[in-house]
Asks: 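This is the structure I want to talk about, given as structure tokens.
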Protein chains: 2
Amino acid sequence: MVAEERNIAADVLKAMAHPIRLGVIEVLADGERTVTELYTELGCSQSMMSQQLKILCHQRLISIRKEGTQKYCGLCNRDFLKLFDCMHTHLRKFLHFKDQSACFCDD
Amino acid sequence: MVAEERNIAADVLKAMAHPIRLGVIEVLADGERTVTELYTELGCSQSMMSQQLKILCHQRLISIRKEGTQKYCGLCNRDFLKLFDCMHTHLRKFLHFKDQSACFCDD
DNA sequence: CTCGTGTATTATGATATTTTTATATTCAGC
DNA sequence: GCTGAATATAAAAATATCATAATACACGAG
């Protein structure tokens, strides 16, 4: 990966690196959802959700399709769902390390 | 994933979501490196690298081993290297979409 | 046309991240 | 004990992100 690609990749990752946005991706893995369904299910305000969806859309992580007065959101790239598996494993290890301070971080 | 896990996962992703930190992970995929080797290879200041390494270490993405006056960094979790494959594919698609504005984002 | 529902935008303050500069620490070799 | 190389920390300014509140827009039903 060259430097310029790393800049773009960092932006894509940054778009995922937020609890609500991760939640959106996770929920959409199960299939399309309305904006209202998303903010209801994830427990945030409508405004908040609208802004987060825009960020995800910008990085082409989700696509948005208009149908009448509503918008349906879906995943653009199911490939990234692998990340949740990695993350689950990592969280187990991470919490494990945290307990035992088995890592050479000084805190 | 429950809400609390998503908070932690977001922090881990945030730690990866930076050009230099992505670079570090990519370089370390090839094997251990000294701090000096890292900031030389990635073209940033020593201070910058030290701070970025701390962030990666905090999230247990890398481990740091002291040997004399130097420190050797290595990957904690090669599992996340999958991410680079996903990302490569995504960048191809992303740039493609960008050209054709084939996504329903309104900008 | 107007009303209600679904969604987007804007503004704002609080907080966090980024980057640089300067200084400190640590340790091996002499 | 000094010196120099490797690394860490602190402080500060610029910028970005987060979250909320208020308002605007779009559109179908009646």
Asks: Which side-chain N or O atoms in residues 2-9 of chain A pair as donor and acceptor under 3.5 Å with protein atoms at least two apart or in another chain?
Replies:
unit_1, atom_1, unit_2, atom_2, d
A:Glu5, OE1, A:Val2, N, 2.9
A:Arg6, NH1, A:Met1, O, 3.1
A:Arg6, NH1, B:Glu26, OE1, 3.0

Asks: In whole angstroms, how far is the P atom of C:dT18 from the CG atom of A:Asn7?
Replies: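 These atoms are roughly 12 Å apart.
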
Asks: Side-chain contact test, heavy atoms from C-beta onward, threshold under 4.5 Å: evaluate it for B:Val35 versus B:Ile64 and give yes or no.
Replies: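 Of all side-chain heavy-atom pairs linking B:Ile64 with B:Val35, none is under 4.5 Å.
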
Asks: What residue pairs, at least two apart or across chains, pass ring pair (Phe, Tyr, Trp, His ring centres under 6.0 Å) with a residue in residues 3-50 of chain A?
Replies: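 Listed once each, the pairs would be none.
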
Asks: Which pairs, protein N/O on one side and nucleotides 27-30 of chain C N/O on the other, fall under 3.5 Å?
Replies:
unit_1, atom_1, unit_2, atom_2, d
C:dC27, OP1, B:Lys66, NZ, 3.0

Asks: Protein-nucleotides 11-16 of chain D N/O pairs closer than 3.5 Å?
Replies:
none

Asks: Specify the residues of residues 41-50 of chain A, ordered by number, for which at least one heavy atom lies under 4.0 angstrom from an atom of DNA chain C.
Replies: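 Hits under 4.0 Å, by residue number: A:Gln46, A:Ser47, A:Ser50.
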
Asks: Please report, rounded to the nearest Å, how far the C1' atom of D:dA19 is from the NE2 atom of A:His18.
Replies: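 After rounding, the reported distance stands at 8 Å.
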
Asks: Are any of the side-chain heavy atoms of A:Val24 and A:Leu61 separated by less than 4.5 Å?
Replies: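 A side-chain contact under 4.5 Å is absent here.
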
Asks: Can you list, by residue number, the residues of residues 26-37 of chain A that have a non-hydrogen atom closer than 4.0 angstrom to DNA chain D?
Replies: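 Correct list: empty, so none.
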
Asks: List the atom of A:Cys73, the atom of A:Leu53, and the distance in Å for their closest heavy-atom pair.
Replies: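 Closest pair (atom of A:Cys73, atom of A:Leu53, distance): SG-CD1, 3.9 Å.
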
Asks: CZ of A:Arg65 versus P of D:dA26: gap in Å, rounded?
Replies: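 Nearest whole value for this atom pair: 21 Å.
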
Asks: Could you check how far CZ of B:Arg21 sits from C1' of C:dT19, rounded to whole Å?
Replies: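 B:Arg21 atom CZ is separated from C:dT19 atom C1' by 12 Å.
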
Asks: What residues, two or more places apart in sequence or in another chain, satisfy side chain to side chain donor-acceptor pair (under 3.5 Å) together with A:Asp79?
Replies: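 For A:Asp79, the residues satisfying side chain to side chain donor-acceptor pair (under 3.5 Å) (neighbours in sequence not counted) are A:Lys82.
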
Asks: Kindly write out the residues that satisfy side-chain contact (heavy atoms from CB on, under 4.5 Å) with B:Thr34, not counting sequence neighbours, or none if the list is empty.
Replies: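 side-chain contact (heavy atoms from CB on, under 4.5 Å) check on B:Thr34 returns B:Thr36, B:Glu37, B:Gln70, B:Tyr72.
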
Asks: Does the side chain of A:Ile55 come within less than 4.5 Å of A:Gln52's, by heavy atoms?
Replies: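 When only atoms from C-beta onward are counted, A:Ile55 and A:Gln52 do touch, with a gap below 4.5 Å.
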
Asks: Would you indicate whether the side-chain heavy atoms of A:Arg60 and B:Lys93 approach each other to under 4.5 Å?
Replies: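 The answer is no, as the side chains (C-beta and beyond) never meet within the 4.5 Å cut-off.
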
Asks: Once you round it to whole Å, what is the distance between C1' of D:dT9 and CG of B:Leu53?
Replies: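 Whole-Å distance recorded here is 14 Å.
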
Asks: Check side-chain contact (heavy atoms from CB on, under 4.5 Å) between A:Thr69 and all other residues, then give those that pass, not counting sequence neighbours.
Replies: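 Listed in chain order: nothing, the list is empty.
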
Asks: Please name the pair of heavy atoms, one in B:Met49 and one in B:Cys44, separated by the smallest distance, quoted to 0.1 Å.
Replies: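 Nearest heavy atoms, B:Met49 then B:Cys44: CE-SG, 3.7 Å.
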
Asks: Identify, with sequence neighbours excluded, every residue that meets side chain to side chain donor-acceptor pair (under 3.5 Å) alongside B:Gln46.
Replies: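 So B:Gln46 forms no side chain to side chain donor-acceptor pair (under 3.5 Å) with any residue.
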
Asks: Separation of B:Lys54 atom NZ from D:dA6 atom C1', in whole Å?
Replies: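 To the nearest whole Å, that distance equals 17 Å.
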
Asks: Once side-chain contact (heavy atoms from CB on, under 4.5 Å) is applied, do any residues pair with A:Ile25, and if so which ones, sequence neighbours excluded?
Replies: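 So A:Ile25 forms a side-chain contact (heavy atoms from CB on, under 4.5 Å) with A:Met16, A:Leu56, A:Leu75, A:Leu81, A:Phe84.
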
Asks: For B:Tyr72 and D:dA6, give me the distance from atom OH to atom C1', rounded to whole Å.
Replies: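 Rounding to the nearest Å, OH of B:Tyr72 and C1' of D:dA6 are 11 Å apart.
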
